[in-house]
Number of protein chains: 2
Amino acid sequence: MNGNFTPAGVNWPLMSRRRYRQNCALALALDVVGERWTLLLVRELLTGPKRFRDLLANLPGIGTNLLAARLKDLEQAGLIRRGTLPPPAGSAVYELTDTGSALEPSVVALAGWGARYAGSPRKGYAYRANWVAVGMKFAFRPEAARGVQETYEYHIDGEVFHVLVEGGRCEVRQAPAPQPAFRLTSDANTLLQIANGAMPLQKAIDSGALLVEGSRQAFARSLKIFRLPVQL
Amino acid sequence: MNGNFTPAGVNWPLMSRRRYRQNCALALALDVVGERWTLLLVRELLTGPKRFRDLLANLPGIGTNLLAARLKDLEQAGLIRRGTLPPPAGSAVYELTDTGSALEPSVVALAGWGARYAGSPRKGYAYRANWVAVGMKFAFRPEAARGVQETYEYHIDGEVFHVLVEGGRCEVRQAPAPQPAFRLTSDANTLLQIANGAMPLQKAIDSGALLVEGSRQAFARSLKIFRLPVQL
DNA sequence: CGGAATCCTCTTCGATACTG
DNA sequence: CAGTATCGAAGAGGATTCCG
């Protein structure tokens with residue numbers, strides 16, 4: 001049934017997107033980021049610029065056409081921009097603009113609410129180390145981070161990200177850190193069990209399921225800065 | 001014909017509902033509330049229990065079948081429950097459970113982000129006084145509400161809601177207040193213009209577009225408690 | 001009044017194939 | 001590698017009808 005001639009609405013260019021048509025801040029927000037995959041796409045970009053194929057790999061099931069469409073829409077809406085990674089990489093990437101980054105509190109709040117469903121990892125559900133980042137943002141306690149300025153590096157299932165704590169804020173990037181105060185190595189399952197309180201941290205360390213290299217003091221600090229298990 | 005939501009891990013046969021299938025708190029949250037209309041439905045219930053027809057009236061365009069389906073899904077997911085209003089009303093209503101109410105921070109955060117698009121009211125877009133409620137939650141400043149315990153009543157375009165400030169928190173209900181400190185009467189357009197700074201408050205009062213009855217002191221307090229215009 | 005059910009059309013999604 | 005093109009399937013939207 002393609003190639004259909006629009007009966008009456010031909011004059012509306014690109015206005016075929018569904019909108020709520022409500023003068024309400026929430027509805028207007030959802031008009032922009034309420035479609036399927038959009039907020040997950042923002043989640044990916046919250047940990048730094050990403051290439052098309054990286055996004056595709058971290059959004060299993062999206063399909064190339066839909067990803068391309070979302071990227072185009074978000075670019076037009078001013079939430080993301082196309083950029084180029086500094087040499088020697090030089091890859092074409094997508095990154096959040098200020099407007100897009102401003103979605104972080106919303107994403108973190110939603111993830112905080114959804115944490116109640118993340119208690120036990122579901123079979124057949126995908127997992128990426130990157131996705132812990134949003135959880136760490138939620139677990140972050142600014143008052144415990146006063147005066148702390150250091151970087152922690154995490155290796156989960158072979159993927160790497162780091163957290164920069166500085167000035168009472170924290171940033172998460174999907175990349176190795178220059179000089180991390182410690183390096184934590186573990187796997188998704190162990191981490192989830194610790195996060196929801198199903199396994200004591202010490203037990204994971206004793207069994208070798210979780211390894212910490214570097215400053216033990218910094219690691220102890222990090223446990224105060226990121227509250228575990230996550231409170232709902 | 002709607003698939004039921006199963007909180008415990010369940011294999012994927014017969015799943016008619018789309019899910020992201022990601023072990024990520026954000027994705028799991030969106031599996032529950034990410035579908036079209038769902039968060040707007042939660043928004044409606046955040047100001048108190050509502051009947052089917054009230055919801056239908058405040059969600060123009062949803063259609064009875066879709067509203068019924070969403071209500072059923074949310075009830076099974078444990079976000080809402082069917083209730084009965086106390087006598088003499090006795091109507092069958094829907095209300096949020098604790099799990100559903102826990103979405104408030106997420107809804108408020110998203111509305112706060114969407115406020116940047118609400119600057120100028122759009123022609124042809126619907127408006128309900130009720131929708132100001134979410135905005136007021138965002139504009140609420142707890143530190144300015146310390147020690148204040150009073151109720152404000154707002155009449156917008158003939159609709160009524162009130163705000164209860166107490167213990168450093170605020171609640172918004174779509175109902176008249178017992179003994180409001182003041183009663184504000186205005187229309188949607190005037191309010192939007194004031195909220196985004198397009199019109200000074202005093203000018204609206206002078207022109208009669210905005211009427212305040214009752215305690216002027218309480219009104220002055222309320223302006224400190226709810227920051228206007230909304231900062232992004 | 002508060003839905004549930006049906007029918008039909010349109011849009012969006014998801015998967016795969018294809019191209020610069 | 002970064003997307004387009006295509007097409008079947010699922011979801012959304014609107015109207016209407018029926019029921020208790």
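Naming: A, B, ... by sequence-line order, numbering from 1 per chain. For the numbers below, each heavy atom of this structure counts, side chains included, while hydrogens, waters and symmetry mates do not.
Both Arg82(A) and Tyr20(A) sit near DNA chain D, but only Arg82(A) has its closest nucleotide nearer the 5' end.
Distances shorter than 4.0 Å separate none of the side-chain N or O atoms of Arg36(B) from OP1 or OP2 on dA12(D). Listed pair Arg51(B) / dG3(C) fails the phosphate criterion, with no side-chain N or O lying under 4.0 Å from OP1 or OP2. The phosphate of dT12(C) has neither OP1 nor OP2 within less than 4.0 Å of any side-chain N or O from Trp37(A). Residue Arg18(B) places no side-chain N or O under 4.0 Å from the OP1 or OP2 atom of dC13(C).
Looking at heavy atoms from C-beta onward, Tyr127(A) lies out of side-chain contact with Gln22(B) at the 4.5 angstrom threshold. Residues Val163(B) and Met136(B) have side chains in contact (heavy-atom distance under 4.5 Å, counting atoms from C-beta outward).
Counting to the nearest Å, the P atom of dT11(C) and the CZ atom of Arg19(A) are 14 Å from each other. Residue Phe52(B) contributes atom CZ, which lies 7 Å from atom P of dA4(C) at whole-angstrom precision. Between the CZ atom of Arg21(B) and the C1' atom of dC13(C) there is a distance of 16 Å, given to the nearest Å. Between Leu59(A) atom CG and dA2(D) atom P the separation is 14 Å, expressed in whole Å. Counting to the nearest Å, the C1' atom of dT11(C) and the CZ atom of Arg70(A) are 12 Å from each other. Taking atom CG on Leu41(A) and atom C1' on dC13(C), their separation rounds to 16 Å, with Å as the unit. The distance between atom CD1 of Ile80(A) and atom P of dA2(D), rounded to the nearest whole Å, is 14 Å. The distance from atom CD of Glu35(B) to atom C1' of dT12(C) is 13 Å, rounded to the nearest whole Å.
The minimum heavy-atom distance linking Pro49(B) with Arg173(B) is given by the pair CD-NH1, 4.1 Å. Minimum interatomic distance between Thr99(A) and Gly78(A) (heavy atoms only, all atoms of both residues): CB-O, 3.7 Å. When all heavy atoms of His162(B) and Thr151(B) are compared, the closest pair comes out as CD2-CG2, 3.6 Å.
When each of Glu44(A), Arg43(A), Glu159(A) is paired with Asn130(A), the side-chain hydrogen bond (donor to acceptor under 3.5 Å, both in side chains) condition holds for Glu44(A) and for no other.
A donor-acceptor contact shorter than 3.5 Å is absent between the side chain of Asp187(A) and the backbone of Ile156(A).
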Exercise. Going 5' to 3' along nucleotides 15-20 of chain C, which nucleotides have protein heavy atoms under 4.0 Å from the base (write B), which only from the sugar-phosphate (write S), and which from neither (write -)?
Worked result: BBB---

